[in-house]
Amino acid sequence: MNKAFIPSEWEEKLYSFWEQKGYFKAQINKDKQPFSIILPPPNANAPLHLGHAMYVYEDIMIRYNKLLGKEVLWLPGADHAGFETQFVFEKNLQKQGKSRFDYDRETLFTMIWDFVMENRPIMESQLKRLGFALDWEKKKFTMDDDIVKIVYETFKKLHDEGLVYRDTKLVNFCTHDGTSFSDLEIIYREETAPLYYMKYGPFELATVRPETKFGDTAVAVHPDDRRYKKWIGKEIEVTGLIETFKIRVIADEAVDPKFGTGVVKVTPAHDFNDYEMAKRHNIPLKQVIGFDGRLNELTGPYKGLKVLAAREKVVEDLKQKGLITKIDESYTHSVPTCYKCGRVIEPLPKEQWFVKVRPLADQAIKLVEKGEINIYPRRFKRGLIDWLKKFHDWNISRQIVWGIRIPAWRCSKCNEWTVTSGEKPTNCLKCQSKELVQDEDTFDTWFSSSQWSYATLLTQDHHSQLSNLNSQFYTYFYPTAVMETGYEILPWWVARMIMMGYFATNKVPFKNVFLHGMVRDKQGRKMSKSKGNVVNPMEVLDKYGADALRAALIFQTTEGGDITFSEDKAVGMRNFANKIWNVGRFLYLNRNGKMKEENGKSKKKLSDLHKEFFQLKKKSIKNMDSYNFSLAFDTLFEFLWHRFADFYIEELKEEVRSGNIKVLEGLEEVYLQVLLMLHPFMPFVTEAVWKEFHGEEKSILDMRIEF
RNA sequence: GGUCGCUUAGCUCAGUUGGUUAGAGCGUUCGGCUUACAUCCGAAAGGUCGGGGGUUCGAGUCCCUCAGCGACCACCA
């Protein structure tokens, strides 16, 4: 044995060994209890960041359960990450002086496909470097044909059962990226903006968006507001910029009499609250801003101006006409922005596909409340339920090419939609016309990934389909044991997987949810490119080894809490890996000692050691089983280093050196069992020692933790 | 405004159902290259466990309250 554990001499070798010998391969084994985890598929086109290394929790669970004798499956995958990827790709195009508009749909799609396929192996090889016991033969890509097929079948089933519908509604639209988003993909940003007070017929009202004036279709006041009571239900005449127009005054509870003047202009086509108000009062929509972010033909001389330019000009002109009475420059409010490009989101009316969320979410709430799905750490249960309660109908249409195209065709004669599970319909279901045009849009990536847990398992059998849930592999491993992921995607993914999983399979997609926190820098700040504090997991790995990186993310942390990562910690854990190695080396080097009778002193020490170890093992198993992995690891660390090495070995050192075989065997027995318990956390060093002790062809993964 | 979390040694953090002199990693001081390991060993300094109140034989651990910090969400004409 080397004097020190050198990770680079072992890691690649050991991983290939595990893979080649099929240790990560899952198969149906009726005699064993299944334990399955689906890896949250990392973005196929991007290298891993430190957050991905947190999936080490999954590896810990997988390896631990394997050592308990279960049939384990950890299924890897890659995410096409629709908009994310298209966004990155467009940035690359930009650098070459090109844009998405320079290519037709097919060409652009193919270019992105090639780009993603080229990058995908990077992410995959990084998962291997982390030592993850993934069953690579079963890997899936979110755009694999068979996965897409399942997504289509789910979509059709939803449509058939009235849980997906087509409608024109106000959606969040990014005029720069040219696509709509769901509610989750917008970020509200605090902003100080002028609040303009303007004359409006007999009223005065306040607005931050004077340029939407052309889209006003009502004026609203609070029903109990004495100042304006006499106007309610009446039409008023307003001097505008283009013309003088008449507009109705409505009364609505949503108006806050204390804000501004207590009068609101209602612009249903460009404001979510106004849209709701308009629905309540049956007021028409008038769209004056287009999907290009410019004012349209209904705005006369302002046509063609971008929103901000239009605002300036409108204000200028209103001033000229003496219609602006006051400007509050210190008004702060939050504006919706695109989570990706940061530009202001424009609420616009658009015809899209929506998931009718309430029935699905209500069902999901029941499942969580009843404990059909357990959440760890427990405090996230509340958050999950809150999210599920808040969900509104979900816009799943995206105006991007990089994604799964929606299997819906519109009839050019009668305008009716025909939804299929993928194949082009021969004729319109309503009027039989054969002139059908497929929807240009693609699915929200999260719509397809909400189906990931059953789609990945179903598709392991070639001819499986949603209507026939009898495939063996699926039946054996579904529902999966645990869904492990970062708490920040609870609403995006976990909540929706529960909804869709239960809808499609009538079973929960997983029995347990385990959530980990975010990795922050040493000062506790979020890691971001702009702050320059991003830690590349591969660099840490190169420097200190995979075991050290993994352990650094677990050691003395709290499950679900954010983790401050510092290189110091990796150093400490590299040292621990070396300690594990050297304890082994000490025992190994003394193995050739001559037989010798034990004396009383060592007998007592050995029995103390065994007692202590028995307690430790009980405690560790209890902690592992209750998802307190960090505590289990801390305990093992403390025991091996400060009890086993610093105390027991030191006490018994002379005995060992002088060849007391009983003492050596006693120590070795405990040591090897500790290795077994440590293996899920630090798989490389433990396996390396195991091989040194038992031979190159042996693996610690053949061992079982016994009670 | 809502929900959740955090406040323990110089720094970063553990401390599971309340129980003996409160721990770790890194750092600091002193002493050791002892043939497993200097990626080490031994010793030491360093904490009124955010403030206050309560429950209890006993509280860092439970309850109330105050303060500070943070995250997420909602509203915003």
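A quick note: this is a predicted structure, and the numbers were derived from the prediction, not measured. Proteins get letters first, then strands, A, B, ... in listed order; numbering begins at 1 in each.
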> How do A:Ser566 and A:Lys569 order along RNA chain B: which one's closest nucleotide is nearer the 5' end?
Replying inline: A:Ser566

> What is the nucleic acid contact for A:Ile649, judged by heavy atoms within less than 4.0 Å: base, sugar-phosphate only, or nothing?
Replying inline: base

> In terms of side-chain heavy atoms of A:Ala645, which of B:rC75, B:rC13, B:rA36 is nearest?
Replying inline: B:rA36

>> What I want to check is whether an N or O donor and acceptor connect the side chain of A:Lys579 with the base of B:rC37 at under 3.5 Å.
In response: yes

> Between atom NE2 in A:His392 and atom P in B:rC75, what is the gap in whole Å?
Replying inline: 7 Å

> Which part of the nucleic acid does A:Phe576 contact within heavy-atom distance under 4.0 Å: base, sugar-phosphate only, or nothing?
Replying inline: nothing

>> Between A:His642 and B:rG25, is there a contact of a side-chain N or O with OP1 or OP2 at under 4.0 Å?
In response: yes

> Looking at B:rC13, B:rA71, B:rU39, which one has an atom nearest to any side-chain atom of A:Arg520?
Replying inline: B:rA71

> Quick check, are the ring centers of A:Phe681 and A:His679 under 6.0 angstrom apart?
Replying inline: no

>> Using whole Å, what does the distance between atom P of nucleotide B:rG23 and atom CD of A:Glu638 come to?
In response: 10 Å

>> Strictly under 4.0 angstrom, non-hydrogen atoms only: write out the protein contact profile of nucleotides 14-19 of chain B, one letter per nucleotide from the 5' end, B, S or -.
In response: SSB---

>> Reading RNA chain B from 5' onward, which residue's closest nucleotide shows up sooner: A:Glu650 or A:His333?
In response: A:Glu650

> Judged by atom type as modelled, is there a donor-acceptor pair below 3.5 Å linking the side chain of A:Gln287 to the main-chain atoms of A:Ile289?
Replying inline: yes

>> Which nucleotide, if any, forms a Watson-Crick or G-U wobble pair with B:rU12, using both distances under 3.5 Å?
In response: B:rA24

>> At 4.0 Å (heavy atoms only), tell me whether A:Asp274 reaches a base, stays on the sugar-phosphate, or touches nothing.
In response: nothing

> In whole angstrom, what separates A:Lys3's NZ from B:rA36's P?
Replying inline: 10 Å

> Counting just side-chain N and O atoms, does A:Asn582 come under 4.0 Å of either OP1 or OP2 of B:rU39?
Replying inline: no

> Would you call A:Glu612 and A:Arg643 a side-chain contact if the rule is heavy atoms closer than 4.5 Å?
Replying inline: yes

> Quantified in whole Å, what is the P atom distance between nucleotide B:rG47 and nucleotide B:rC64?
Replying inline: 31 Å

>> Ring-plane angle category for A:Phe576 and A:Phe633, please: parallel below 30°, perpendicular beyond 60°, tilted otherwise.
In response: perpendicular

> Does A:Lys653 get its side chain close enough to the base of B:rA36, under 3.5 Å, for a donor-acceptor pair?
Replying inline: yes

>> Is the ring pair A:Tyr671/A:Phe693 parallel, tilted or perpendicular, if the boundaries are 30 and 60 degrees?
In response: tilted

>> Could you tell me the Watson-Crick or G-U partner of B:rU17, where both distances fall under 3.5 Å? Say none if there is no partner.
In response: none

>> Going by side-chain contact (heavy atoms from CB on, under 4.5 Å), A:Met277 matches just one of A:Ile283, A:Ile250, A:Asp271. Which one?
In response: A:Ile250

> CG of A:Asp646 versus P of B:rG32: gap in Å, rounded?
Replying inline: 20 Å

>> Distance check, C1' atoms only: B:rC26 and B:rG51, in whole angstrom units.
In response: 30 Å

> Checking all strands, does A:Trp581 fall into the base, sugar-phosphate, or nothing category for heavy-atom contacts under 4.0 angstrom?
Replying inline: nothing

> Which is true for A:Asp568 with a 4.0 Å heavy-atom rule: it touches a base, it touches only sugar-phosphate, or it touches nothing?
Replying inline: sugar-phosphate

>> Expressed as a whole number of angstroms, how long is the span from A:Asn590:CG to B:rC37:P?
In response: 11 Å

> When all nucleic acid strands are considered with a 4.0 Å heavy-atom cut-off, which category describes A:Tyr544: base, sugar-phosphate, or nothing?
Replying inline: nothing

> Mind checking whether A:Leu348 and A:His270 have side chains closer than 4.5 Å, heavy atoms only?
Replying inline: yes

>> Using OP1 and OP2 only, check whether a side-chain N or O of A:Lys526 sits under 4.0 Å from B:rC72.
In response: yes

> Can you check the A:Asp183 CG to B:rC72 C1' distance for me, whole Å?
Replying inline: 16 Å

> How far, in whole Å, is B:rG10 from B:rC49 if one measures between their P atoms?
Replying inline: 13 Å

> Is the distance from OP1 or OP2 of B:rA36 to the nearest side-chain N or O of A:Arg657 less than 4.0 Å?
Replying inline: yes

> Which part of the nucleic acid, if any, lies within reach of A:Arg379 when heavy atoms closer than 4.0 Å are counted: base, sugar-phosphate only, or nothing?
Replying inline: sugar-phosphate

> In the structure shown, which nucleotide is the Watson-Crick or G-U wobble counterpart of B:rA71, with both distances under 3.5 Å?
Replying inline: B:rU3

> For A:Arg574 and B:rG25, what is the distance between atoms CZ and C1' respectively, to the nearest whole Å?
Replying inline: 13 Å

> Does the pair A:Arg378 and A:Glu559 meet the rule for a salt bridge (charged side-chain N to carboxylate O under 4.0 Å, His left out), with working shown?
Replying inline: CA-CA 10 Å; A:Arg378 288 176 63 182; A:Glu559 280 71 20; over 6 Å; no

>> Partner lookup for B:rU56, please. Criteria are Watson-Crick or G-U wobble with both distances under 3.5 angstrom; report none if nothing qualifies.
In response: none

> Using a cut-off of less than 4.0 Å, is there contact between a side-chain N or O of A:Trp641 and OP1 or OP2 of B:rC41?
Replying inline: yes

>> Using a 4.0 Å heavy-atom cut-off, does A:Val255 contact any base of the nucleic acid, only the sugar-phosphate backbone, or nothing at all?
In response: base

> With a 4.0 Å cut-off on heavy atoms, is A:Val583 in touch with a base, just the backbone sugar-phosphate, or nothing at all?
Replying inline: base

>> In this structure, how many angstroms lie between the C1' atom of B:rU39 and the CD atom of A:Glu567, rounded?
In response: 14 Å

> Should A:Phe514 and A:Tyr627 be marked as a ring-ring contact (aromatic ring centres under 6.0 Å, His included) after you check the CA-CA gap, both sets of side-chain angles, and the distance that decides it?
Replying inline: CA-CA 8 Å; A:Phe514 179 85; A:Tyr627 296 86; 5.8 Å; yes

> Considering only heavy atoms from C-beta outward, does the side chain of A:Leu606 approach that of A:Asp608 to under 4.5 Å?
Replying inline: no

>> Tell me which nucleotide, if any, is Watson-Crick or G-U wobble paired with B:rC40 when both distances must be under 3.5 Å.
In response: B:rG32

> How is A:Thr207 classified with respect to the nucleic acid when contacts are heavy atoms under 4.0 Å: base, sugar-phosphate, or nothing?
Replying inline: sugar-phosphate

>> Under 3.5 Å, is there any donor-acceptor pair linking the side chain of A:Arg382 to the base of B:rU3?
In response: no

> Taking atom P in both B:rA38 and B:rG50, what distance in whole Å separates the two?
Replying inline: 40 Å

>> Main chain of A:Pro680, side chain of A:Arg550: is a donor-acceptor contact present, judged purely on distance under 3.5 Å?
In response: yes

> Mind checking the C1' distance from B:rG23 to B:rG15? Whole angstroms is fine.
Replying inline: 7 Å

